[in-house]
Protein chains: 2
Amino acid sequence: MYPESMDLATPGRPKRTAFLLSQLGAVASSRFADRTREIGLTPSDAGVIRLLGRAPGLSQRRLADRLGAVPSRVVSLIDSLQERGLVERVRSSTDRRNYELHLTDAGKRVLRELRGIAEQHEAEILAPLTTEQVTQLGDLLVQLANGHGLDRELHRDVGRERGGAADLTADPGPEPAIGPR
Amino acid sequence: MYPESMDLATPGRPKRTAFLLSQLGAVASSRFADRTREIGLTPSDAGVIRLLGRAPGLSQRRLADRLGAVPSRVVSLIDSLQERGLVERVRSSTDRRNYELHLTDAGKRVLRELRGIAEQHEAEILAPLTTEQVTQLGDLLVQLANGHGLDRELHRDVGRERGGAADLTADPGPEPAIGPR
DNA sequence: CTAAAATAGTTCACCTCTAGAATTATTCTG
DNA sequence: CAGAATAATTCTAGAGGTGAACTATTTTAG
């Protein structure tokens with residue numbers, strides 16, 4: 001796209017910050033997936049466990065909303081976690097149509113592992129930066145996220161691309177989330 | 001993962017900068033895909049066209065290396081672009097095993113469109129930041145990319161996850177690339 | 001109070017994308 | 001020249017996910 005001659009120290013050279021962001025985001029996702037894989041989880045699994053840890057008793061429908069996933073997708077996700085004894089379905093006594101999803105004790109243990117993994121992940125990804133730079137970057141990214149309405153995004157369906165599962169990785173902080181590829 | 005009570009203004013609250021990075025990267029990839037889709041291209045198509053614009057005559061094998069893709073993948077990519085008249089295969093006269101890939105005139109026109117798209121994309125993604133902040137972010141991301149060896153990554157196979165195609169979007173500057181969700 | 005609409009979950013058929021093995025043609029090496 | 005290496009291609013398989021149709025249950029309307 002740009003002749004080699006323009007690649008270095010060219011004032012007028014178009015920036016590629018947005019592409020860099022995509023690339024680094026992909027690296028971060030990929031490395032996180034590596035880590036969760038080591039304990040037998042996909043990033044989607046991790047997202048579900050995290051969410052159920054923070055909002056026990058959620059129904060599949062509501063879980064689907066929070067993850068930005070389709071209900072049928074949640075079925076297989078929960079099926080798999082239930083088979084592994086990490087999550088249990090409890091029929092709601094007030095509305096027998098839906099389930100109340102809970103982490104089992106094993107699930108809670110995995111959740112604790114996941115916290116450790118998240119910390120290591122954070123440290124690994126940000127390793128090239130100084131402490132001040134990390135703060136700086138965090139502030140900039142938060143500003144970007146707000147600017148792009150990442151918080152509210154949780155409730156709408158993010159167009160699945162390559163990277164689709166990324167939304168489930170999504171970190172629903174007080175509210176947040178997104179999607180990939 | 002973190003109890004609601006910890007979510008706001010908690011000094012010891014673990015940061016999620018790495019996750020934010022993943023999420024924003026996914027947003028950026030997704031929006032870029034939206035833009036290329038409007039001119040009938042996937043992000044992978046765009047990556048190929050960009051690369052052939054800057055390195056005409058490349059063989060499929062070398063293209064695969066630069067994209068971090070597998071040769072068979074490149075076949076279908078080029079097939080599709082050739083069918084649309086954007087790329088042409090020319091048998092190398094010196095080594096009849098391989099092709100020399102070139103953009104057609106139509107392909108070059110598309111490349112020009114792509115440049116415009118990239119600019120708009122850059123502007124859209126970075127819109128929430130001031131000019132100084134954009135510079136700041138750019139510096140931080142470059143440092144991160146260097147720290148994670150993103151430049152050399154081009155030559156090794158990036159584990160395909162969700163969002164796999166992202167690598168092809170990768171911007172092989174003087175050298176770069178990657179893959180994600 | 002009952003028929004119809006809505007809701008939660010599930011199943012299933014189908015799609016897209018891509019990796020990886022096997023195959024052919026050509027060139028290089030000893 | 002024989003055999004190893006290389007470029008491209010084909011084909012099979014598998015992961016991952018969507019959306020439509022179906023069942024059970026609850027809510028709403030007349």
Undergrad: With respect to the phosphate group of C:dG9, does any side-chain polar atom (N or O) of A:R61 fall under 4.0 Å of OP1 or OP2?
TA: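 So the side-chain polar atoms of A:R61 never come under 4.0 Å of the phosphate oxygens OP1 or OP2 of C:dG9.
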Undergrad: Is any side-chain nitrogen or oxygen of A:R96 closer than 4.0 Å to OP1 or OP2 of D:dT27?
TA: no
Undergrad: Between D:dT9, D:dA5, C:dT10, spot the one nearest the side chain of A:P71, thanks.
TA: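 Per side-chain heavy atoms of A:P71, the pick is C:dT10.
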Undergrad: Nearest-nucleotide wise, let me know which of B:S72 and A:D95 is further upstream toward the 5' end of DNA chain D.
TA: B:S72
Undergrad: To the nearest Å, give me how far apart CG (B:N98) and P (D:dA5) are.
TA: 19 Å
Undergrad: Mapping A:T94 and A:T42 onto DNA chain D by nearest heavy atom, which one lands closer to the 5' end?
TA: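 So the residue in question is A:T42.
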Undergrad: Using atom types as modelled and distance alone, determine if a side-chain donor or acceptor of A:R54 lies under 3.5 Å from a backbone N or O of A:R50.
TA: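 Not confirmed, A:R54 side chain does not pair with A:R50 backbone.
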Undergrad: Under 6.0 Å from the CZ atom of B:R84, do we count more than 12 heavy atoms belonging to anything else shown?
TA: yes
Undergrad: Take atom CG of B:L77 and atom C1' of C:dT16, then tell me their distance rounded to the nearest Å.
TA: 14 Å
Undergrad: Among C:dT26, C:dA19, D:dA8, find the nucleotide with the atom closest to the side chain of B:R97.
TA: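 Among C:dT26, C:dA19, D:dA8, the one nearest the side chain of B:R97 is C:dT26.
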Undergrad: Look at the side-chain N and O atoms of B:R73 and state whether any lies under 4.0 Å from the OP1 or OP2 oxygen of C:dT18.
TA: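 B:R73 to C:dT18 OP1/OP2: side-chain N or O found under 4.0 Å.
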Undergrad: Measure from CG on B:D45 to P on C:dT18 and round the result to the nearest Å.
TA: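 B:D45 atom CG is separated from C:dT18 atom P by 10 Å.
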Undergrad: Under 3.5 Å, is there a donor-acceptor pair linking the side chains of B:T42 and B:D45?
TA: yes
Undergrad: Answer with base, sugar-phosphate or nothing: what part of the nucleic acid does A:R62 contact at a heavy-atom distance below 4.0 Å?
TA: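 The answer is nothing, as A:R62 stays clear of every strand by at least 4.0 Å.
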Undergrad: Measure CG/B:L63 against P/D:dA8 and give the value in whole Å, please.
TA: 9 Å
Undergrad: With B:H102 as reference, evaluate B:L58, B:L52, B:V90 under the side chain to side chain contact (heavy atoms under 4.5 Å, CB included) test and give the passing residue.
TA: B:V90
Undergrad: To the nearest Å, give me how far apart CG (B:L67) and C1' (D:dA8) are.
TA: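 Spelled out: CG on B:L67 to C1' on D:dA8 is 16 Å.
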Undergrad: Give the rounded distance in Å between these two atoms: CZ of A:R91 and C1' of C:dT7.
TA: 12 Å
Undergrad: Just the rounded figure in Å: distance from P of C:dT7 to CD of A:E100.
TA: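 Whole-Å distance recorded here is 19 Å.
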Undergrad: It should be established whether B:Q60 places a side-chain nitrogen or oxygen under 4.0 Å from OP1 or OP2 of nucleotide D:dT9.
TA: yes
Undergrad: Could you give me the CA-CA distance, side-chain angles and deciding distance for A:D105 and A:R109, then say whether salt bridge (charged side-chain N to carboxylate O under 4.0 Å, His left out) is met?
TA: CA-CA 6 Å; A:D105 287 343; A:R109 281 194 293 277; 5.6 Å; no
